[in-house]
Amino acid sequence: MLDNLLAVIREENLSEQLYHSLVGLEIEEQRIDQHGRLSRQPHPSKLGSRTFHPYLQTDFTETQLEVITDPNPNIGGTLDQLDTLQTVVYRSLEGDDRIWPLSMPPVMDPDDLKFVAGHFDRPAIRPYREYLLKKYGIQHGCLTGVHVNYSLPDPVIHRLYSHYTKEFESLVGFKNALYFRITQNFVRYQWLLTYLFGASPIAEKGFFETVPDALKRPVRSIRNSRYGFVNFPQEQVTYASLPAHLTQLQHLIDNGTYFSAHEFYGPVRLKGQGNARDFLTGGIQYLELRDFDNTPFTANGVSRHALYFLKIFMIYLLTRDLPDDLNAALDAARDQNQAVALENPLAPTQYQAAGERVFKEMRAMADQLQAHTEQWSVIDDLEEVLMHPELTPAAKLMEHVEQDSLMTYGQAVARRWYHERLGTDQLLPRLKQLSDHAQRFVLVAMQDGIRFFQVRDEDGEDLLMFTFDGVTQVLQDRDTKVADPDKRLRQLFPDLPPLPAPLHY
């Protein structure tokens, strides 16, 4: 199935379009106070309701923000929007709140756990949250991470399909085959991403009631291990085939093992349909990749290098043939990922030789696809990390461990990020080409939950597009020079709900 896919991509000159597949980000992060404790402040009152906000949400805890970008074919564009959204977050924080830079939460004592359990202001999903509390515990839900949403360009899928019409009866079936091949290969090579980007070597006091023996020393990634943000071992979902995956997932939901599909915490989620039954007919629209720990080495929570590498790595996964004994390979891959997640972060991985083979194959692929200098550079850089474990994020974090804790480091990073964000001359530095009043207008629009896009007309003039509930308003810079941006935005979008009433804890 899908034989000679790399050759077809070359024949159709699709490598450039593939490299510009769409990437969107969901960055989870905890709010803390200036002492490093989970915040006691409510969700920022300047932000629009979480019932509809496209960019800024919360998850299991009220202190856990989720920053969501639009999909973008360019990593630079994705990161620019993420940077702007992060700045909006910082300019909306209240009290002495900061952003915790790590996936593992800060120290949590019984008062913290009681506060997290007792404060949750989203009534619509309270039953689900109470279910998770009872099943997994409070600490499990306080973990954070980076989710990458990945989708292939539709024109690429159509061009490829023309070569495989005899093998697939429909475009939907072909598209599902492409996406699920990526999915299966992602599971097979998840261990490599855990090695390269794992950044949760230790847990702070209060996370485990009893520290597991395997975690009595630092590891590469607690979050990606069996002690992290995963389902119970007996409740895993197979990736052996698309029908088997969907059938098992639906069965776990139907019999009450999972509350809903949201409870599936596998390394890849299929996205784009309302329920598992619809994927075979409606098709997979994109993949949610869930392997990445938050990194404290960039103020956005995810590294540019990781995303540039992921772009070329996903093409590798797409073009990589599956083994004959796939079930055995997938089982072995889960064991590999567990082993790597629990390795000493300062030591070479036991799978270094396998990693070297992956990079050799990636180089051969990149050569056939006439990769750009940028793509070769990121392959070189990450292969260097494979050969030198001291360059991995987990190893670099070990330099900052004091008395088996990263609290001092985490607070210092949070403090630095806070002052760097709020100490800039520009309100929104990534939009510095806009006037001060336009930046203020955009900031308030994003706080309110209005989508913002910047485009240029045929004369090269900047146009500002604001969208809410299917209505789009296009403004020029001069149109944003108003005394009260929120009032003007509500005139442009009369159906925009009012800001939620401020809460007081």
Side-chain angles (χ1 to χ4, degrees), residues 1-12 14-15 18 21 148 150-152 156-157 159-161 163-195 236-249 264 266-271 276 279-280 283-291 309-340 351 353-366 368-369:
M1 183 175 285
L2 298 176
D3 292 338
N4 303 314
L5 190 56
L6 181 59
V8 173
I9 291 169
R10 291 181 60 198
E11 179 183 337
E12 293 283 357
L14 295 176
S15 59
L18 269 175
S21 296
V148 180
Y150 179 87
S151 59
L152 299 167
V156 170
I157 296 173
R159 291 271 293 280
L160 291 176
Y161 179 50
H163 291 261
Y164 294 92
T165 53
K166 293 182 179 179
E167 190 173 338
F168 296 92
E169 295 181 357
S170 70
L171 178 63
V172 168
F174 175 71
K175 181 166 68 170
N176 282 348
L178 292 179
Y179 275 119
F180 208 68
R181 173 187 271 200
I182 295 173
T183 297
Q184 290 171 314
N185 277 329
F186 189 93
V187 174
R188 289 177 63 203
Y189 297 106
Q190 182 190 3
W191 67 269
L192 181 59
L193 298 179
T194 297
Y195 171 86
Q236 302 290 321
V237 177
T238 182
Y239 287 99
S241 70
L242 178 58
H245 178 85
L246 297 174
T247 298
Q248 189 173 6
L249 177 59
F264 173 52
V268 184
R269 280 178 178 166
L270 313 181
K271 304 293 284 189
F279 281 102
L280 293 178
I284 302 166
Q285 302 302 316
Y286 65 99
L287 303 176
E288 181 186 67
L289 313 174
R290 302 167 54 83
D291 190 70
F309 178 76
L310 185 65
K311 280 273 190 163
I312 194 73
F313 187 62
M314 295 300 280
I315 301 174
Y316 171 76
L317 299 182
L318 173 65
T319 57
R320 183 74 177 149
D321 291 337
L322 296 168
D324 293 333
D325 194 351
L326 180 59
N327 287 340
L330 292 171
D331 289 342
R334 290 191 183 93
D335 292 340
Q336 281 180 292
N337 188 63
Q338 287 300 310
V340 171
Y351 300 109
E356 290 175 20
R357 286 195 297 273
V358 171
F359 275 95
K360 182 179 180 181
E361 291 163 356
M362 286 183 65
R363 288 182 178 281
M365 178 199 73
Q368 291 189 58
L369 297 181

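In plain terms, the two heavy atoms of Leu5 and Leu318 that are nearest each other are CD2-O, 3.4 Å. In plain terms, the two heavy atoms of Val358 and Tyr189 that are nearest each other are CG2-CE2, 3.7 Å. Considering all non-hydrogen atoms of both residues, Tyr286 and Ile284 come closest at O-CG2, 3.5 Å. The nearest pair of heavy atoms linking Ile9 to Ser15 is CG2-N, 3.9 Å. In plain terms, the two heavy atoms of Ser170 and Gly173 that are nearest each other are OG-N, 3.0 Å. Closest heavy-atom contact between Ala354 and Trp191: CB-CZ2, 3.9 Å.
No donor-acceptor distance shorter than 3.5 angstrom exists from the side chain of Arg320 to the backbone of Glu361, with no hydrogens or angles considered. Of the possible donor and acceptor atoms, one in the side chain of Gln248 sits under 3.5 Å from a partner among the backbone N and O of Gln236. Checking side-chain atoms of Arg269 against main-chain N and O of Leu289 turns up no donor-acceptor pair under 3.5 Å. A donor-acceptor pair under 3.5 Å links the side-chain atoms of His245 to the main chain of Thr238, judged by distance alone. Side-chain N or O atoms of Gln184 include one that pairs as donor or acceptor with a backbone N or O of Ala240 at under 3.5 Å. Without hydrogens or angle criteria, Tyr164 side chain to Asp3 main chain gives a donor-acceptor distance under 3.5 Å.
If you check the side chains of Tyr351 and Gln336, you find no donor sitting under 3.5 Å from an acceptor. A donor and an acceptor atom, one from each side chain of Ser21 and Tyr150, are located under 3.5 Å apart.
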*asked:* For Leu14 and Val8: C-alpha separation, side-chain torsions, deciding distance, then whether side chain to side chain contact (heavy atoms under 4.5 Å, CB included) applies.
replied: CA-CA 9 Å; Leu14 295 176; Val8 173; 5.7 Å; no

*asked:* Is there a side chain to side chain contact (heavy atoms under 4.5 Å, CB included) between Leu270 and Phe180? Walk through the geometry before answering.
replied: CA-CA 9 Å; Leu270 313 181; Phe180 208 68; 4.2 Å; yes

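A distance of 6.0 Å or more separates the ring centres of Phe186 and Tyr239.
Once rounded to the nearest 0.5 Å, the distance linking OG1 of Thr319 with CG of Leu369 reads 7.0 Å. Note that CG of Leu192 is 8.5 Å distant from CE of Met362, once rounded to the nearest 0.5 Å. Rounded to the nearest 0.5 Å, atoms CD (Glu11) and CG (Asn4) are 10.5 Å apart. Between the OG1 atom of Thr183 and the CG atom of Leu287 there is a distance of 4.0 Å, given to the nearest 0.5 Å. Atoms CE and CD, on Met365 and Gln368 in that order, are 9.0 Å from each other to the nearest 0.5 Å.
Every residue was checked against the salt bridge (charged side-chain N to carboxylate O under 4.0 Å, His left out) condition with Arg357, not counting sequence neighbours, and none meets it.
Counting only heavy atoms from C-beta outward, the side chains of Gln190 and Val268 never approach each other to under 4.5 Å. Between Ile315 and Lys311, every side-chain heavy-atom pair lies at or beyond the 4.5 Å cut-off. At a threshold of 4.5 Å between non-hydrogen side-chain atoms, the residues Lys271 and Phe279 do not count as touching.
Ring geometry for Phe174 against Phe168 counts as perpendicular: the plane angle is over 60°, on a 0 to 90° scale with 30° as the lower cut.
Contact check on Glu288 versus Arg290 returns a salt bridge, with a Lys/Arg side-chain nitrogen under 4.0 Å from an Asp/Glu carboxylate oxygen.
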Can you give each donor-acceptor pair under 3.5 Å made by side-chain atoms of residues 322-335, sequence neighbours left out, with the distance rounded to 0.1 Å?
unit_1 : atom_1 : unit_2 : atom_2 : d
Asp325 : OD1    : Ala328 : N      : 3.4
Asp331 : OD1    : Arg334 : NH1    : 3.4

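Checking each of Asp321, Leu242, Leu317 against Arg181 for a side chain to side chain contact (heavy atoms under 4.5 Å, CB included) leaves exactly one that passes, namely Asp321.
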